[in-house]
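A short worksheet on the structure shown next.
Here is the naming used below: chain letters follow the sequence lines, and residue numbers restart at 1 for every chain.
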Number of protein chains: 2
Amino acid sequence: MKDLTLTEEMFLLAVWKLKEEAYGVTIRQYVSEETGRTYPYGTLYSALDKLARKGFLARSTGDPSPERGGRRKYYYHITGQGIGALRAAMELKRLLWDSDTEIALSKI
Amino acid sequence: MKDLTLTEEMFLLAVWKLKEEAYGVTIRQYVSEETGRTYPYGTLYSALDKLARKGFLARSTGDPSPERGGRRKYYYHITGQGIGALRAAMELKRLLWDSDTEIALSKI
DNA sequence: GAATATTTTTACGATATTTCGGAAAAATAG
DNA sequence: CTATTTTTCCGAAATATCGTAAAAATATTC
């Protein structure tokens, strides 16, 4: 099981957090608001695609119901495997960044 | 300031943790013990090199004093910039993985 | 129903970066 | 000279990221 890259981790986490409202635009916006990093669509969709191919995300076609027109959205949902990948990422961070580490680093 | 990749982060943290004892072999071993991931030397030294080029690590030639012979070690030391990079990584992780997130994820 | 406005996704080649392997070379002590 | 330790080498293959214009899909207005 390969590690998630940082961007994969961010997008996957965003999908999970956004629950039923995760589609391209909101995902990009969420990450941007939380971290201050704004990604081009190329990066975003290519990462979402890869996460879907790996089985960490599933995609569903949204009902067309925007108020002023516009293309259908594709909603993303995290899968069980996706949760597993997030858990693994969390665990790895915990191994590396135990609380002693964090405290020591903030004291310098 | 670009983000650290996961492997860069691991090796940089390892150097910091190992203090005066950080050289190729111990760094590799430390990461392996902490995370269960064993990296080939190609990956290790190429990452250390990159970290040094970025100014996050400095290298010093070790006194030749191994007990049974062997090549000189090159010790790595984290720089001020390196500390900064670790801090940034820590902060980013905090933004993404706040405690609510961690709790929610462990409850599933 | 045609034209327009709006929203969202797709496309895709170019670049840059990362990771791998592991044998070979270098440096040193006995 | 031999044993030991550590680093270097290096090209190949896999991946990641970028940029952004264009296309697709839908609602609204006339």
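R68(B) has its CZ atom 10 Å from the P atom of dT6(D), to the nearest Å. Rounding to whole angstrom units, CD of residue E8(B) and C1' of dT18(C) are separated by 9 Å. Distance NZ (K73(A)) to C1' (dT7(C)): 8 Å, rounded to an integer number of Å. Going from atom CG of L57(A) over to atom P of dT9(C) covers 13 Å, rounded to whole Å. As rounded to whole Å, 10 Å separates atom P of dC20(C) from atom CG of D3(A). If you measure from atom CZ of R28(B) to atom P of dC20(C), you get 11 Å, rounded to the nearest angstrom. What separates CG of L6(A) from C1' of dT17(C) is a distance of 15 Å, to the nearest Å. For the pair M10(B) CE and dT18(C) C1', the computed distance is 13 Å after rounding to whole Å.
Between R71(B) and Y74(A), the residue whose closest nucleotide on DNA chain C is further toward the 5' end is Y74(A). If you find the closest nucleotide of DNA chain D to K54(A) and to R72(A), the one lying nearer the 5' end belongs to K54(A).
Looking at heavy-atom distances under 4.0 Å, Y23(A) makes contact with sugar-phosphate atoms alone, never a base. Contact annotation for G42(A): base contact, defined as any heavy-atom pair under 4.0 Å involving a base atom. Backbone-only engagement by R59(B) is indicated by non-hydrogen atom pairs under 4.0 Å involving sugar-phosphate atoms exclusively. Contacts of S46(A) with the nucleic acid, taken as non-hydrogen atoms under 4.0 Å apart, include base atoms.
Taking 4.0 angstrom as the limit, K50(A) places a side-chain polar atom (N or O) nearer than this to OP1 or OP2 of dA16(D). The side chain of T43(A) places an N or O atom within less than 4.0 Å of a non-bridging phosphate oxygen (OP1 or OP2) of dC18(D).
Relative to the ring axis of Y41(B), R28(B) places its NZ or CZ within 45° and under 6.0 Å from the centre.
S46(B) and D49(B) share no side-chain donor-acceptor pair at under 3.5 Å.
When each of F11(A), Y45(A), Y30(A) is checked for a ring pair (Phe, Tyr, Trp, His ring centres under 6.0 Å) with Y39(A), only F11(A) meets the rule.
Atom-to-atom distance recorded for M90(B):CE and E9(B):CD is 11.0 Å, nearest 0.5 angstrom.
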- Task: Could you walk me through whether Y74(B) and Y23(B) pass ring pair (Phe, Tyr, Trp, His ring centres under 6.0 Å), step by step?
- Result: CA-CA 6 Å; Y74(B) 287 103; Y23(B) 67 99; over 10 Å; no

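With distances taken from any side-chain atom of Y45(B) to the nucleotides dC20(C), dT8(D), dT5(D), the minimum falls on dT8(D). If you check dT8(D), dC20(C), dT18(C) against the side chain of Y41(B), the one that comes closest is dT8(D).
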